[in-house]
Amino acid sequence: MRIVIAGGGLGGLTCARVLRAHGVDAVVCERDASPEARVQGGTLDLTVDEGQWALREAGLEAGYRAIARPEGQDMVLYDSAGTLLRQEITPDEGEARWGRPEADRPALRKLLLDALPEETVHWGHAVTRAEPLGDGRHRVHLSGGETLECDFLIGADGARSRIRPLFTDAEPAYCGAHGMELVIHDADRAYPAASALVGRGGFSSIGDHQTLSAQRNGDGTIRVHLTLRCAEDWVETSGIPFDDPDRARVALKELYAGWPEEFLALLDATSGPVLVYPLTALPVGLRWDPTPGVTLIGDAAHLMSPFAGQGANLAMRDGAELALVLVQGGDVRKFEEAMFDRAEPAAQMSADNLELFLSDGAAEKVRHLFAKMSGEED
């Protein structure tokens, strides 16, 4: 059986690696020209039952533990006045510290790539569309004009999947907010105060309709994230010159006027471009009728905002489970049903959390939520 995977992100590579571990090869078509073609993003916390389970099935648990940072789970949460709302410190010893350890996305991708034959990933080959040939087979059209025919096609090609139209007309919709990412380089040496504020893991602060957070990465950088409730055309109408990062930083600080100076110092410490992006999501509970010879995994199937922290975990679980079904000759529809059932509550949580953290009086609502969870309030 010839298997083609559209997309070489964590979900697609996990699927390819678990297939390979069972003696089945796949072709991965990836639009990036090389593994270093673009910034792969920051750090990810993999859960025991999703991301870590998938890596165990891939035979990569030891490799994962070598790159993971349990101390990265440390977190502090403040309101926009500087009042501490919550703090969590990870134990230095014991198995409990492996609940959701952080690992840098580039390191995870490299771990998976190094465990695959070099010829598995066809770099610079974006899938533009796919057409059914009958009997479950498909012809895959690539950006360079080439085509591939396969017995099973896996759409792991993210938010703007070119495989999804085989199932549904659903497209990602704007969630009502934009995110921005900036980077502090050589944080410990050059910006010790910012480094101390973030600590070993992450820092977050909540205001009305906006958040400011920062996360330590294993490469010595700290990634600073802003999230802002705004209109979909905000980038064009805000007047912020995002093509001039230094001026953009000044304008972004003005949006957070009145927040503690030590929090805003995180923005002063950043350098390089400002990445700005709309938050989008597929409909919660998206499902489709079974289609022979093809399925979707990861963001292609259940894109959600980052407010549940589940995207990468679900994608890797999807990829590993699907691979096991294929090598065992199982029912792909049963896999899809399990994926639907797993993704729907995570997508709903993501939507609910976004509304909560970007609402009026968000900090007070979050404080009450944590108090209720800890039994301090009924």
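Inter-residue side-chain proximity for L212 and V224 is flagged as met; some heavy-atom pair is nearer than 4.5 Å. Residues F203 and L266 form a side-chain contact, since some pair of their non-hydrogen atoms from C-beta on lies under 4.5 Å apart. L55 places a side-chain heavy atom less than 4.5 Å from the side chain of L112. When side chains are defined from C-beta on, M339 does not count as touching E321, because their heavy atoms never get closer than 4.5 Å. Using a 4.5 Å heavy-atom threshold, the side chains of D318 and R342 count as touching. Counting heavy atoms from C-beta on, the side chains of N313 and L46 come closer than 4.5 Å. Side-chain contact between D135 and L133 is absent, with no heavy atoms from C-beta onward closer than 4.5 Å. You'll find the side chain of L296 reaches within 4.5 Å of the side chain of R164, heavy atoms only.
Pairs passing the salt bridge (charged side-chain N to carboxylate O under 4.0 Å, His left out) check and including a residue from residues 205-214, sequence neighbours excluded, do not occur. Applying the ring-ring contact (aromatic ring centres under 6.0 Å, His included) definition to pairs two or more places apart or across chains, those involving residues 328-363 are W288-F340.
Considering all non-hydrogen atoms of both residues, L303 and A159 come closest at CD2-CB, 3.5 Å. Nearest heavy atoms, R160 versus P172: NH1-CD, 3.8 Å. The two residues L255 and Q210 make their nearest non-hydrogen contact at O-NE2, 3.2 Å. Smallest separation of non-hydrogen atoms from W259 and G207: CH2-N, 3.5 Å. I297 and A156 make their closest contact through CG1-CB, 3.7 Å (heavy atoms, listed as atom of the first residue, atom of the second, distance). When all heavy atoms of V4 and C150 are compared, the closest pair comes out as CG2-CB, 3.6 Å.
With D104 contributing its side chain and N217 its backbone, the two residues share no donor-acceptor pair below 3.5 Å. Between the side chain of H302 and the backbone N or O of A300, no donor-acceptor pair lies under 3.5 Å. Between the T83 side chain and the D79 main chain, no donor and acceptor come within less than 3.5 Å of each other. E30 places a side-chain N or O within donor-acceptor distance of the main-chain N or O of D32, the cut-off being under 3.5 Å. Using modelled atom types, no side-chain atom of H178 and backbone atom of Y277 make a donor-acceptor pair closer than 3.5 Å. In this structure, the side chain of S204 does not engage the main chain of S213 through any donor-acceptor pair within 3.5 Å. When atom types are taken as modelled, the side chain of Y256 and the backbone of T211 share a donor-acceptor pair closer than 3.5 angstrom. The closest donor-acceptor contact from the side chain of N353 to the backbone of F307 lies under 3.5 Å.
Salt bridge status for R333 with E337: present, with a side-chain N to carboxylate O gap under 4.0 Å. For the pair R31 and D157, the salt-bridge criterion is not met [side-chain N within less than 4.0 Å of a carboxylate O]. Remark: E131 engages R139 in a salt bridge, criterion side-chain N to carboxylate O under 4.0 Å. By the 4.0 Å N-to-carboxylate-O rule, D341 lies close enough to R287 to be salt-bridged with it.
With sequence neighbours excluded, the residues forming a salt bridge (Lys or Arg N to Asp or Glu O under 4.0 Å) with R65 are E95, listed by chain and number. With sequence neighbours left out, the side chain to side chain donor-acceptor pair (under 3.5 Å) criterion links W98 to no other residue. Listed by chain and number, the residues in a side chain to side chain donor-acceptor pair (under 3.5 Å) with R216 are D188, S195 (sequence neighbours excluded). Residues passing the side chain to side chain donor-acceptor pair (under 3.5 Å) test with R200 are D74, D92, sequence neighbours excluded. D114 is linked by a salt bridge (Lys or Arg N to Asp or Glu O under 4.0 Å) to K110, counting only residues two or more places apart in sequence or in another chain. Not counting sequence neighbours, K334 has no partner by the side chain to side chain donor-acceptor pair (under 3.5 Å) test.
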Step-by-step side-chain contact (heavy atoms from CB on, under 4.5 Å) determination, R97 to R69:
CA-CA 9 Å; R97 64 199 298 261; R69 294 175 289 107; over 6 Å; no
Given H185 and V183, is the side-chain contact (heavy atoms from CB on, under 4.5 Å) satisfied, shown in steps?
CA-CA 6 Å; H185 297 276; V183 181; 3.7 Å; yes
T47 vs D49, test: side chain to side chain donor-acceptor pair (under 3.5 Å). Steps then yes/no.
CA-CA 6 Å; T47 59; D49 293 333; over 6 Å; no
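Connectivity analysis of hydrophobic side chains (ILVMFWY, heavy atoms under 4.5 Å, direct or indirect) links Y174 to nothing; its cluster partners are none. Chaining together hydrophobic side chains whose heavy atoms lie under 4.5 Å apart places V18 alongside W53, L324. Residue M349 belongs to no hydrophobic cluster, having no ILVMFWY side-chain heavy atom closer than 4.5 Å to its own.
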Which donor-acceptor pairs under 3.5 Å do side chains of residues 115-123 form with protein atoms, sequence neighbours excluded?
unit_1, atom_1, unit_2, atom_2, d
T120, OG1, P117, O, 3.0

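The neighbour count for E236 CD, taken as heavy atoms of other residues, nucleotides or ligands under 6.0 Å away, is above 12. D233 CG: more than 12 foreign heavy atoms inside a 6.0 Å radius.
In this structure, a donor-acceptor pair under 3.5 Å is absent between the side chains of T43 and Q215.
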